[in-house]
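This report refers to the structure that appears directly beneath it.
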There are 2 protein chains.
Amino acid sequence: MASKIRIGIVGYGNLGRGVQASIAQNEDMELVAVFTRRDPSQMPAEAGVKFEHVSTVEQYKGSIDVMILCGGSATDLPEQTPAIAALFNTVDSFDTHAKIPEFFASVDAAAKNGQTVSVISTGWDPGLFSMNRLLAESILPQGKEYTFWGKGVSQGHSDAIRRVPGVKAGVQYTVPVESVIEQIRSGETPELATREKHERICYVVAEEGADRAEIEKTIVEMPNYFADYDTTVHFITEEELKSEHSGMPHGGFVIRSGVTGQGTKQIVEFSLKLESNPEFTASVLTAYARAAVRLAKEGAVGAKTVFDIPLGYLSAKSDAELRQQLL
Amino acid sequence: MASKIRIGIVGYGNLGRGVQASIAQNEDMELVAVFTRRDPSQMPAEAGVKFEHVSTVEQYKGSIDVMILCGGSATDLPEQTPAIAALFNTVDSFDTHAKIPEFFASVDAAAKNGQTVSVISTGWDPGLFSMNRLLAESILPQGKEYTFWGKGVSQGHSDAIRRVPGVKAGVQYTVPVESVIEQIRSGETPELATREKHERICYVVAEEGADRAEIEKTIVEMPNYFADYDTTVHFITEEELKSEHSGMPHGGFVIRSGVTGQGTKQIVEFSLKLESNPEFTASVLTAYARAAVRLAKEGAVGAKTVFDIPLGYLSAKSDAELRQQLL
C-alpha cells in the first residue's frame with residue numbers, strides 16, 4: 001500500500017471535528033495536526049489530536065500533503081485560503097455563491113504562485129448540488145431546474161428569532177413544500193419563487209410572562225426573513241429545545257424536469273437527507289482532499305472546483321477497480 | 001462563437017434517432033451523417049439527415065469530430081467501437097457490466113493506436129448511476145448502497161412472456177418495491193436480494209381461446225425470470241397494449257445510506273424518471289460527445305469512462321460561466 005495522505009485541519013469548530021471523524025473512516029489518510037487560532041494548550045486533550053497554533057503552519061511544509069480549511073466563508077476563508085494555498089494544497093467549503101468568481105481568482109493566483117492545488121467551494125451546496133445542476137442541465141438543455149433546501153436549520157433566521165423581544169431561545173427550520181415537490185416530480189414545471197418552494201417553521205422558547213401572541217406576530221410579519229413565507233411558530237420549553245432541536249440536520253433536492261424529442265418528459269433528481277450538516281460537509285471535503293493530492297501529484301496547479309475534477313479522483317480505489325466494481 | 005462540433009451517428013434504431021433529436025437541442029453541435037449497415041437509399045427521406053453506408057466512414061476522417069455509436073452491446077459494440085475508435089473520437093453506451101474491463105482494454109488499445117479519445121459505457125446505468133455510486137461511496141465510506149431499476153420495460157422478460165404458449169403479445173415492467181425504498185430512505189439498511197427490491201408486472205394479450213389460468217401459472221412459475229419475484233399478470237386487449245404500453249419508460253434509484261461520526265445517518269439519493277429510456281440515454285451520449293472532443297483537443301488519447309471526465313466538460317458553457325451560474 002502507498003503511504004497515507006497526510007492531512008492538516010485548519011479550524012476546529014463543528015466542521016473541523018467532522019473532518020477529524022471523516023479522516024478516521026478512510027484508511028488511506030492520516031491526520032497530522034489541527035491548526036487553531038486559540039491557545040493550543042487550552043484545546044481539549046481528549047480530542048486525541050495534536051493541536052498547533054495556526055501561525056506555525058509553515059513549519060509543516062513537506063510533512064502535510066493537504067490542508068482542509070474549516071473556517072467560515074464570511075471572514076475566515078477569503079483570507080485563509082489564499083494564504084495557506086501559497087504553501088499547501090488545500091480544500092475548502094467557501095459558500096458565498098455570489099462571491100465565488102472573485103474568490104476563485106484570488107485563490108488561483110496564490111496557488112499558482114505556490115505551485116499548489118486549491119479545491120474551493122466543496123461541500124453540498126456549493127458542491128454536490130452544483131454538480132447535479134451542471135450534469136442535468138448538460139444532458140437536458142431544454143428544461144427547468146429546481147433547488148430546494150431542508151429540512152434544515154437556518155442560522156440567520158434562528159438568530160433573527162432570538163432578537164425578538166420576549167424570546168429566550170429559538171431555532172428555525174427551512175422546510176421544502178412537499179406538495180410543490182410532488183407537482184414537479186409529476187412533470188409540471190411551475191414558475192416558483194424561493195418563498196413558494198419553502199416554508200419556515202420556528203420553535204421558540206418564550207421568556208416567562210412574555211406575550212406569546214405578540215412574539216408570534218412579530219416573527220410572522222418580520223420583513224425579509226418571514227413575511228413572504230408561510231411561517232409557523234411553535235412555543236416549546238427550554239428542555240424540549242435542547243433534547244429535540246440541538247442536532248444539525250439538513251438536506252434538500254435538486255430536480256431538473258426536461259424534455260427530449262417530441263415533448264418526452266425526463267426527470268433527474270438528486271437529494272440529501274442529513275442528520276448532521278457539518279459532518280456530511282466534512283466528509284465531502286475529505287474526499288476532495290484525496291483528489292487535490294492526486295491532482296498535485298500529476299502536476300496540476302491553481303484553483304479547482306468540483307466541475308474540474310474527475311469523479312474517480314475522489315476514490316481510494318484504482319481506476320481499474322472502479323471500472324470493475326462500480327461502473 | 002467557435003465552430004460547431006461535427007457529429008456522426010453509427011446505427012439508426014431508437015438510440016440513434018434519440019441522438020439525432022438531442023443534437024438538435026444543442027446549438028454547439030451539428031449532425032454530419034448517419035452511418036448504417038442498411039442500404040442508405042432505402043432509409044427514410046423524411047428523417048432529414050444524410051445517410052451513408054457504414055463502410056464509408058473512413059472517408060469522413062477530418063470532417064467528423066466525434067462518432068456516437070448507437071449499436072447494441074451484445075454483438076455490435078465489441079466490434080464497432082475498437083474499429084471506429086481507430087479512426088475517430090467515439091462515445092458509446094456499452095452496458096454489459098461484467099465485460100467492461102475487457103471491453104475497456106480492447107477499445108483503449110485501438111484508441112491509443114489511432115490517437116483518439118473513446119468514451120465507453122455512458123448512459124445511465126452504466127453512466128449516471130455509476131457516477132452516483134462512486135460519489136456516494138467516496139463521501140460515505142461506511143454505508144450501504146442500493147440500486148433499484150424501474151418502473152421500466154425489461155426486454156428480456158418481455159421476450160420470455162411472448163414465448164409462453166397461448167400468448168400473442170406482452171410486455172413486462174420491472175417495478176421497485178416502494179415500501180422497501182421508504183424503509184431505506186428512513187435510514188434502515190436491510191440486506192436485500194434483487195428480487196426483494198423489485199416486483200414484476202406483466203401485461204399479456206392472450207390468443208383467442210387460450211387458457212389464461214395456465215398462461216398465468218406458466219409465467220409466474222418460470223424459473224430465473226419470474227419464480228423468485230413477486231409477479232403479477234394482467235390480461236389486456238391488443239388495443240390496450242398498443243395505446244398504453246408502446247412507450248419506453250424507465251428509471252430507477254441509487255441510494256446510499258451511510259454513517260458519519262458517532263452513528264449519524266446520512267442519505268444520498270439519485271433518481272431518474274424517464275418517459276423514454278432511449279431518448280434519455282441518447283442525451284447522455286450527446287453530452288459526453290462534447291467532452292470527448294474537448295479531451296481530444298487537449299491531447300488526451302485512449303479509452304475513458306464517466307469516472308475519468310470532469311463534469312465541466314459536459315457543458316457548452318465556459319468554466320467561468322459555470323462557476324458563476326451553477327456553482
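The shown structure was predicted, so the numbers you read here are calculated from the model rather than taken from an experiment. All values below come from the heavy atoms of this structure, side chains included, with hydrogens, waters and symmetry mates left out. Chain A is the first sequence line, chain B the second, and so forth, proteins listed ahead of strands; every chain is numbered from 1.
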- request: Could you label the plane-to-plane angle of the A/Phe103 and A/Phe94 rings as parallel, tilted or perpendicular, counting under 30° as parallel and over 60° as perpendicular?
  value: parallel
query: So, B/Ser271 side chain and B/Phe253 main chain: donor-acceptor pair closer than 3.5 Å or not?
result: no
- prompt: Looking only at atom types and distance, does a side-chain atom of B/Gln266 sit under 3.5 Å from a main-chain N or O of A/Glu275, one as donor and one as acceptor?
  reply: yes
query: Only one of B/Lys4, B/Arg290, B/Lys317 forms a salt bridge (Lys or Arg N to Asp or Glu O under 4.0 Å) with B/Asp28, so which one is it?
result: B/Arg290
Do [X] and [Y] make a side-chain contact, defined as non-hydrogen atoms from C-beta onward lying under 4.5 Å apart?
X	Y	value
A/Leu327	B/His97	no
A/Asp308	A/Val306	no
A/Ile309	B/Pro310	no
B/Leu311	B/Leu314	yes
B/Asn277	B/Trp124	yes

Option that, when pairs with chain A are counted at under 4.5 Å, heavy atom only, ranks first among [options]:
options	result
B/Gly261, B/Ala21, B/Pro101	B/Gly261
B/Val254, B/Asp95, B/Leu134, B/Ile100	B/Leu134
B/Asn132, B/Leu135, B/Ile255	B/Leu135
B/Gln325, B/Arg17, B/Gln324, B/Glu279	B/Glu279
B/Ser257, B/Ser22, B/Ser121, B/Ser315	B/Ser315
B/Ser283, B/Ala282, B/Ala316	B/Ser283

message: Let's test your reading of the structure: which of A/Gly312, A/Pro249, A/Gly251 forms the most heavy-atom pairs below 4.5 Å with chain B?
response: A/Gly312
- line: With chain B, the option among A/Asp125, A/Leu322, A/Leu128 that has the most non-hydrogen atom pairs under 4.5 Å is A/Leu322
field: salt_bridge(B/Asp319, B/Arg294) N-O dist < 4.0 Å
entry: yes
task: Examine whether an atom of A/Thr286 lies under 4.5 Å from a heavy atom of chain B, and if so say whether it belongs to the side chain, the backbone or both; otherwise answer neither.
output: neither
- request: Report yes or no: do A/Thr90 and A/Ser118 form a side-chain donor-acceptor pair below 3.5 Å?
  value: yes
- prompt: Does anything in residues 136-147 of chain B get under 4.5 Å of chain A by heavy atoms, and if so which residues?
  reply: B/Glu137, B/Ser138, B/Ile139, B/Leu140, B/Pro141, B/Gln142
field: Per-residue contact mode, B/Phe270 against chain A (heavy atom under 4.5 angstrom)
entry: both
